[in-house]
Structures are given as C-alpha cells and as structure tokens.
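To start, the structure under review is shown below, and the notes come after it.
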Amino acid sequence: MSTWSDWRAVSPSIRCPEFVLGELVDGGQAFRWNAFEGGYRGVWGNCVAEVRCVDGVVEWRAPELIEERVGKAIAGYVGADETFAPIWDALPHRSDPALRKPMDQWPGLRIMRQPFGETVLCFMCSSMKQIPSIKLICETLATRFGREIIPGIHALPDWAALHHVSETELRAAGLGYRARHIHAASHFLAGQPGWLDVVEQLPYEQAKEQLMHLPGVGAKIADCALLFGAGKLEAFPVDTWIKRIMGDAYGLADWKIEQVAHFGRVHFGEYAGLAQQFLFSSARKK
DNA sequence: ATCCAGGTATGCA
DNA sequence: TGCATACCTGGA
C-alpha cells in the first residue's frame, strides 16, 4: 500500500455533483475506474489517481511516487483543459426537450481526453459486451500484459507490447473473437510506428476513415476512440442504446444505425458527441 | 439451461 | 448497396 498525496482541486473550471463525477469516469467513457471510499480510483496511461467531490469541487490525489506525473496529466485527462461552458450552451437544449432533460439531470458532464492508443484498445474490447465485462477484460489485459505502475496496479499494455502477445493468450484473457482483431491490429501498428499519433491529429473525417482500416474497428468503435481519446467532439457513436433512445425520443424507431448517426450529427451539430454522452447517460438512473 | 450482449467482417442477392 | 449470419464467452 503506497502513501497518497494530499487532496487538491483538479482545476477551477471543473465543478460538478458527486454522482456526475462518477458518471464521468465510470459511465462508459473509460473502463478502469471504480468507486472507492467516497471517491473513485482509476488508471490511465502510466497514471493512477483517486478523485472525489467536495462541495462540488473535483479533487484528486495520487500515490506520492507518481504524484508529479499525475498532476501534469489529470486535468487534461478528465476534460478540464477544455472549456465546456460554451460547448454545453451550443447544444440545442433550448429547442430539444429530449436533450434538455439529461443535460439537467447530469449537470457538468463532459467528455474525457484519454490516451488515444489505449482508448482504441478498450473500445476494440467492447463489441457485443456490457460495461462490467469490458472492465473485467481491460483489467485482465493490464494485469497480464501491462507494466506495473505502482505495486499491484498495472497499466494497459501499449500496442507494441500487445504485438508480443499471441492470439491464444489474448483469447485466454477473455477476449473471444476480439482476440484475432486485436492481434492483427497490433501487427499492423508494429509495422507503422507513429501511425496512431498521426491519425489522432487528423481532422475528424480523415481520422475516422484511417482508423476503420484497423481490423475490428468499424464506425462505432472509431467514433468512440475519436470522441473519448482524441477530442473529436463531433464524433457521434451510435450503439444499440443510442439507437434505442433516439428511436424513442425522435421517432426514428426502425432507422438503421447509420441513418441515426447521420441524424445525430445534423441535429446536434459540431458537439454531437457530447449530446450523445448525455443521451447515453439518460438510460441510467442517477 | 438458453439467450443475449457498447459490433465488425464477410458472403450472398 | 443492402441485408443475413458467424464470431467467443461470461453473466442474467
């Protein structure tokens, strides 16, 4: 058990109720956070941190060994470097009660900015899985193939590390058919050093087109990776939940996934991805 | 036990 | 283009 730093505010710009903080880090954007003694403990990149809310102020602390590193990363990671006030305001909440309702329900909810490579990985694990299963797989991948950050807590393996893991070992980690895709993707990425860094910097449309060349990455997973791991707020991932929710709310009952995605991008505009997150959260009770 | 789940790739009309 | 089907496996 390591010694933890003192609690400090993440940034003046990030304030929200406690249950919204939980929704932010453990509501399906990221998969390595868990409730822990009045706050949440999570892992990303080579960082480990706990976060909590005190009178609406989001605070963090980290193991002292890595405090400096985490301190430099935490604000960017939870989306506190992005100014969300004008972004919330730009969403069509005045004219759209179906959006207004979850925006009132989850005040302060934002989009995280996670390491791109591991966001791609986590969402490649997510197809046809429920969140608890995805979290379990990510944990197993980290434990078996990732570097130990502090005693007992492991980072996710990066793509270079994954390249040295056999498909059989990946299957044994609970990945099922996703193992073949992840293995093939790691092979592709090993032959293209820096490819992910370039894609991350591309404009949304181009980045998505490139990302979908990776085996196991279709439109939905590409959109999730770009929204949660590359700051592309116009990305609008449509999964079965969003399809269902929007089917009910906007009378799109038997529209195809791609049609719903198009509707969302047009209706919600340049920050459609944030609207998507509110709608996704609305499926859940607070 | 049997069914389905935060999709994607592939094979036919 | 457009739809149907297989794909792994754990949890309800």
- Indicate, with a heavy-atom threshold strictly under 4.0 Å, whether A179(A) touches base, sugar-phosphate, or nothing. nothing
- Any chance CD1 of I66(A) has more than 12 other-residue heavy atoms, nucleotides or ligands included, within less than 6.0 Å? yes
- Note on the structure: Stems with DNA chain C, 3 or more Watson-Crick or G-U pairs in a row (under 3.5 Å), are B:2-5 with C:9-12, B:7-13 with C:1-7
- Atom CE of M212(A) and atom C1' of dA9(B) are separated, to the nearest Å, by 11 Å
- Task: Specify the separation, in whole Å, of atom NZ of K256(A) and atom P of dG7(B).
- Result: 16 Å
- Short side-chain N/O contact from T240(A) to OP1 or OP2 of dG7(B), under 4.0 Å: yes
- Whole-Å distance, R244(A) CZ to dC4(B) C1', equals 11 Å
- Query: Taking atom P of dT8(B) as reference, at what distance in whole Å does atom NZ of K220(A) sit?
  - Reply: 7 Å
Every protein N/O lying under 3.5 Å from an N/O of nucleotides 8-12 of chain C:
residue : atom : partner : partner atom : Å
dC8(C)  : OP1  : R171(A) : NH2          : 2.8
dC8(C)  : O5'  : R171(A) : NH1          : 3.2
dC8(C)  : O4'  : Y177(A) : N            : 2.9
dC8(C)  : O2   : R178(A) : NH1          : 3.1

- Message: Contact between Y177(A) and M128(A) at the side-chain level, heavy atoms closer than 4.5 Å - yes or no?
- Response: yes
- With a 4.0 Å cut-off on heavy atoms, is L170(A) in touch with a base, just the backbone sugar-phosphate, or nothing at all? nothing
- More than 12 heavy atoms of other groups within 6.0 Å of H213(A) NE2: yes
- Task: Under 4.0 Å between any heavy atoms, over every strand shown, what does I242(A) touch: base, sugar-phosphate, or nothing? Just pick one.
- Result: nothing
- Message: Between dC8(C) and dG11(B), how far apart are the two P atoms, rounded to whole Å?
- Response: 15 Å
- Message: Please check this pair: side chain of K232(A) against backbone of L202(A), looking for a donor-acceptor N/O pair closer than 3.5 Å.
- Response: yes
- Query: When the nearest nucleotide of DNA chain B is assigned to Q276(A) and to L214(A) on a heavy-atom basis, which residue is associated with the more 5' position?
  - Reply: Q276(A)
- Message: By the 4.0 Å heavy-atom rule, please label P237(A) as base, sugar-phosphate, or nothing.
- Response: nothing
- Message: Counting the atoms with a prime plus P, OP1 and OP2 as sugar-phosphate, which does I221(A) contact under 4.0 Å by heavy atoms, base, sugar-phosphate, or nothing?
- Response: sugar-phosphate
- Message: With heavy-atom distances below 4.5 Å as the criterion, would you say the side chains of L233(A) and F84(A) are in contact?
- Response: yes
- Using the P atom in both, what is the distance from dG10(C) to dA9(B), to the nearest Å? 23 Å
- Task: Indicate yes or no: does R180(A) engage E167(A) in a salt bridge with an N to O separation below 4.0 Å.
- Result: no
- With a 4.0 Å cut-off, would you call E205(A) and R265(A) a salt bridge? no
- Item | Chi angles and distances behind the side-chain contact (heavy atoms from CB on, under 4.5 Å) call for L175(A), H181(A) | CA-CA 10 Å; L175(A) 277 167; H181(A) 295 145; over 6 Å; no
- Item | 5' precedence on DNA chain B between F280(A) and H213(A) (nearest-nucleotide basis) | F280(A)
- Query: In whole Å, what is the span from the NZ atom of K243(A) to the P atom of dG7(B)?
  - Reply: 12 Å
- Message: By the 4.0 Å heavy-atom rule, please label Q29(A) as base, sugar-phosphate, or nothing.
- Response: base
- Task: Could you tell me whether F31(A) contacts a base, only the sugar-phosphate backbone, or nothing, with contacts defined as non-hydrogen atoms closer than 4.0 Å?
- Result: base
- Task: Fit a plane to each ring of Y77(A) and W44(A), take the angle between them on a 0 to 90° scale, and name the class: parallel (under 30°), tilted (30 to 60°) or perpendicular (over 60°).
- Result: parallel
- Query: Got a salt bridge between R94(A) and D89(A), using NZ or NE/NH1/NH2 to carboxylate O under 4.0 Å?
  - Reply: yes
- Could you check how far CD1 of I182(A) sits from P of dA9(B), rounded to whole Å? 12 Å
